[in-house]
Amino acid sequence: MRKNKLSVLPALLLAAGALLAGCGNKPAAGGAGAVDADTLSATAVRFDADSALAFVKRQCDFGPRVPDSEAHRLCGDYIAAKFRSYGLVVTEQNTTVTGWDGKRLGCRNIIAAYRPELADRVIVCAHWDSRPWADADPDSANHRTPVMAANDGASGVAVMLELARLMRELKPAVGVDFICFDMEDYGAPYWAEQTDEGNDWCLGSQYWSAHPHKEGYKARFGILLDMVGGAGARFCYEGFSLQYARDVVGKIWAAAATAGKSEFFPSEDGTYAQDDHKPMNEVAGIPTVDIIPFHGYGERSFGPTWHTVSDTPENISTATLEAVGQTVLQVLSEEK
Ligand code: AHN
Ligand code: ZN
C-alpha cells in the first residue's frame, strides 16, 4: 500500500460546527476576524492570467526542477532575476539538507521583498522544486520519472511573479515578501522503507521557519499557494489553516467573494495537507493559510495530475490562475 501523508479522514477536529450546520464550516461568516464582503470594494487592478501562464511555461522549459539538477539551478536563477526586474529586493538562503535517501542536497530558498523598509508585512509563498518521482502516476512504469510540476510547483511561483509585476500598480500599504521554498516535494516515495512522520517533506520551509532570512522577522500573516493552476480546482478550507489561522481563512474567502471568485473558493471544508504552511505556523509562529485544491477524499485529493507525468502546462487552466491571482491581489489591496 502506498504511503500517503495526506489524511483521508474528514476534518473530524473541526466537526462540531459542521455537524450543527450540516455541511462545511463557514469561518468567513462566523470567525472572530470575519470580514463583510459587501463593505469592501474590489480592486481595479487586474491579474493577467495569460502572463501567469507564460511564467508557468517558462519554468517548465528548463525541464523538471529536481534538486541537484541543472534545470533547478537555471530556473532558480531565472526566478530571482525576474523578481529583481520588477524592482523587488531578492535574498537567497542556500543551505545543505539531508533527504530521506541520505543524500546531502543543496537547498535554495528565494525571497523577494516588495518595500523591504516597511515593518508591516504579508507573506505570499509557494514551493518551486519539482518532485523527482511521479509515484502517483496511474502507470507504474512512470513512478521513478520526475514530475514536470507545472501545477505542483510552477503555478504558485507564476502567480507570485505576476503579483510582483503588479505591485507598482497596486501599491499596497504593506510590504510583501514573496518566498519560493525549495524541496517541498522531496518526501519519501512509497517504496522507501522509512517512517519519518512526514518530516522528509517541506525541507526548505522547515529551514526558513527555524532560520528566517532576517533577524527578528515578523509578518501579519502568510498565504501559501500550492497547485493553484489545475483545471476544475476548488479551493476549500484546509484543516491546519483553520486550526492555526482561522481569521486569515475568513479574510481570504471574503476577498474571493469580493473579487467574484466564490465558485473557486466555496465555503466548504477540505482536507489536511502536510505543506509548507505547517512549519510556518508551528515553528515561525506566523498564521499562514494554504490555498490548495480539494478534489474529494482519497488518492486523487489534490487533482488528477498530482504526482503524475501529466502535470504539464497543457493541463493548466488560466481561469484557475486568475481566480487565485485576483483573490490574492484583493487581499493585499485591503491591508491597511
Ligand atoms: C500531502 O499532504 C500529501 N501533500 C501536501 C503537500 C504537497 C505535496 N504539496 C504538493 N505536493
Ligand atoms: Zn507535490
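The basis for the numbers below is simple: all heavy atoms, side chains too, and nothing from hydrogens, waters or symmetry mates. Just follow the structure's listing: the first ligand is 1, and inside any ligand the first atom is 1. This chain uses plain numbering: 1 for the first residue, then up along the sequence.
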Answer yes or no for Met227: is there a heavy-atom contact with ligand 1 below 4.0 Å? yes
Distance check below 2.8 Å: does Asp226 bring an N, O or S atom to the Zn ion (ligand 2)? no
Arg131 contact mode with ligand 1 (heavy-atom cut-off under 4.0 Å): neither
Aromatic Tyr86 / basic Arg168 pairing, under 6.0 angstrom, 45° off normal: no
Kindly give the atom name of the N, O or S atom of Asp185 closest to the Zn ion (ligand 2). OD2
Could you tell me whether a side-chain N or O of Arg234 sits under 3.5 Å from a main-chain N or O of Gly232, the two making a donor and an acceptor? no
Purely on distance, is any nitrogen or oxygen of His127 under 3.5 Å from one on ligand 1? no
Transitively linked via ILVMFWY side-chain contacts under 4.5 Å: Trp100 with Val147? no
Closer than 2.8 Å to the Zn ion (ligand 2): does that hold for any N, O or S atom in Glu184? no
So the atoms of ligand 1 within less than 4.0 Å of a heavy atom of Asp152 turn out to be 10 (C), 11 (N)
Is it true that a side-chain atom of Lys336 and a backbone atom of Ser333 form a donor plus acceptor pair closer than 3.5 Å? yes
Does Asp137 pair with Arg144 as a salt bridge, N-O distance under 4.0 Å? no
Does the Trp253 side chain pair with the main chain of Pro266, one donor and one acceptor, at a distance under 3.5 Å? yes
Hey, any chance Met280 and Leu224 share a hydrophobic cluster, counting ILVMFWY side chains that come within less than 4.5 Å of each other, even indirectly? no
Minimal heavy-atom distance between Arg131 and Ala188, with the atoms involved, is NH2-O, 3.7 Å
min-distance N/O/S atom, Asp152 vs the Zn ion (ligand 2), resolves to OD2
Could you list which atoms of ligand 1 come closer than 4.0 Å to a heavy atom of Phe302? 1 (C), 2 (O), 3 (C), 4 (N), 5 (C)
Is Glu184 close to ligand 1, meaning an N/O of one under 3.5 Å from an N/O of the other? yes
Do any nitrogen or oxygen atoms of Asp226 lie less than 3.5 angstrom from nitrogen or oxygen atoms of ligand 1? yes
Is the Zn ion (ligand 2) less than 2.8 Å from an N/O/S atom of His127, whether that atom is in the backbone or a side chain? no
